[in-house]
Amino acid sequence: MTTKSKLFLCGLFGTVILFGLPWLGGEAISFSALWSHSPTLAIDHRILWSLRIPRLLFVVAVGGSLAMLGASYQILFNNTLAEPYILGISSAVTLGIVVAETFLHLPNTSLGALSIGLFFSFFVTFLLILSHSWRTGRELERIVLFGMGLNFVFSSALFLLLSYRSQTTGGGSLRWLFGNIPWLSLNESVLFLLLTLPLCAGLWIMGRYLDGLSLGDTVARTLGFSPTKVRCFLLFVTSLHLTLITSLTGSIGFLGLVVPHCIRLLFRPGSTRLLFVASFIGGALFLGIADSLSRALLPPLEFPIGIITTLLGGPIFLYLLWKK
Amino acid sequence: MEKIKSTFFLEANNILLGYQKDNPISETTFSFQLPQGAVTALVGPNGSGKSTLLKALIGENSLIEGQLFCYGIDLKNFSPRELSNVISIVPQEHTFPSELKVKNFLELAFLSRTGIFKPLPSISSDKFRPFLEDLNLLPLISRVLHQLSSGERQRVFLARALLQGPQLILLDEPINHLDPKAASNFWQSLISFRAIQPIDILMSTHDLGFVKDSSDWVLALDQGRLFFSGPTDLFFRDKMNEKLFS
């Protein structure tokens, strides 16, 4: 079987599982509740349409995006250990929102808090792009190290603020440190999906440039594009994408690192575009399962999603490495 | 005027090489002209500016002063797309994703001409079969790059550069890590391709025996300056090789 047909079958299988997920959970729900308006199924219908399906859509958008972002960072920085949170963009967003929450008393989902998060993230992105384009892109490590430095600064500030806050107001910190899937309405999650899908599609189109970049800058220079410009552009777009996600979920660890690697080890996709498609489905599935687990393990307790993704992803990753 | 333009694939006009504006490799500028149709060897001791010159040709900021004319056109005026249609390179170091197949690697040669919105042509189509047969690459096509020997991989890198359809191919130390047999295979592939389709070659190398056997023209650099530019016979007859490395 060719890589493409294997991927197609697994993708189909994954999608079927994904759409089965809303029927898993504390309450058993009849399948016909999807369309039925009969009084006996009214509650099921509401649970499905106002809780579980919106959540599934959100999880698909977040999981798929994070896996794609992880894959693109790994190629962009030619670093197998790269993951979406490596450059400090997410900690900057989080810090911005927590600052807004703590000092301006804005709710963390308010437009004000989100814009402050966005401002922090743009500041970091700007610094990163500057650090890259200042001289020629000869030293790729520099931008990663620079981003890691920023990440340390911003996460220390975040820890400081969170520990100060936990003494004054208590609680609410886990959400930011280990990630969290918020309950959104159907309209909100459809909106979120409509915002993230074009970004994913754009990244998919740019995938071919990433193929070029993966051959090293020397060859990439003769492939009809400027590696530095493409890298700066991708840095900007992925930062925006990541900001959008992190502002709602905090940092969901391990997914962006582990999913693309699993896809590579399992399928050896021949192009970045194929890797992107497979990563999107894999990431969505992974986060969907982790989310169901986080709520199903000890209901009504809901574990921070990042803890589950790490507990789940770590062993899978180690196993795959061990096998190869 | 047109005629003069077309006789050289590369003309350097008072160039100064280096990566930082305030720190060029040498103090004085130099000029040279490389005739079309000849295999040109770029020689010189380490640090003489060979790689810096090659990098300047592919648009890295390593040209501090002067102009480089490629087929009569100032390289500064080339867009990345135009550059990719004129020059391709076989780099000294092989960089590639570890699981990439030869097939997918070769198809990336079409990236510049196809762009990102159309599908890349498939290398398995009949159109490319004679090419792959000539370079003896058919058995390698579905293998993974990192499982190939250095000789095989170097031929695959050459094939990618040729498929790009350039007028000038740059080879950076092409036989450095190859045993004599692999080196000869590599060179034969290039020569047989060149017999069908004329292409200019500029290759940097340390191997003076290889220069003597395979090149028609020598461009020798020393400490970022021109040391010699002329026919290979002259280079060896005048014992320039001994002076260059003494």
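In what follows, every chain begins at residue 1, and chains take the letters A, B, ... in the order their sequences are listed.
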Are the side chain of A:Arg208 and the backbone N or O of B:Leu108 linked by a donor-acceptor pair below 3.5 Å? no
If I measure from the heavy atoms of chain A, does [X] come under 4.5 Å with its side chain, its backbone, both, or neither?
{"X": "B:Leu120", "answer": "both"}
{"X": "B:Arg160", "answer": "side chain"}
{"X": "B:Ile58", "answer": "both"}
{"X": "B:Ile116", "answer": "both"}
{"X": "B:Phe105", "answer": "side chain"}
{"X": "B:Ser98", "answer": "neither"}
{"X": "B:Val144", "answer": "side chain"}

Is the [atom1] atom of [X] crowded by more than 12 outside heavy atoms at less than 6.0 Å?
{"X": "B:Arg129", "atom1": "CZ", "value": "no"}
{"X": "B:Glu93", "atom1": "CD", "value": "no"}
{"X": "B:Phe78", "atom1": "CZ", "value": "yes"}

Shortest non-hydrogen contact between B:Ser84 and A:Gly224, atoms and distance: CB-N, 3.4 Å
Do you know the tightest heavy-atom contact between B:Gln164 and A:Leu223? OE1-CD2, 4.0 Å
Starting at [atom1] of [X], measure out to [atom2] of [Y] and round the result to the nearest 0.5 Å.
{"X": "B:Phe96", "Y": "A:Asp211", "atom1": "CZ", "atom2": "CG", "result": "14.5 Å"}
{"X": "B:Lys55", "Y": "A:Thr218", "atom1": "NZ", "atom2": "OG1", "result": "6.0 Å"}
{"X": "A:Ser271", "Y": "B:Lys103", "atom1": "OG", "atom2": "NZ", "result": "9.5 Å"}
{"X": "B:Ile169", "Y": "A:Thr222", "atom1": "CD1", "atom2": "OG1", "result": "9.5 Å"}

Most contact-rich option vs chain A, by heavy-atom pairs under 4.5 angstrom, among B:Asp172, B:Leu54, B:Asn104, is B:Asn104
One pair to check against side-chain contact (heavy atoms from CB on, under 4.5 Å): A:Arg221 and B:Ile87. What are the steps and the verdict? CA-CA 10 Å; A:Arg221 265 172 209 289; B:Ile87 300 180; over 6 Å; no
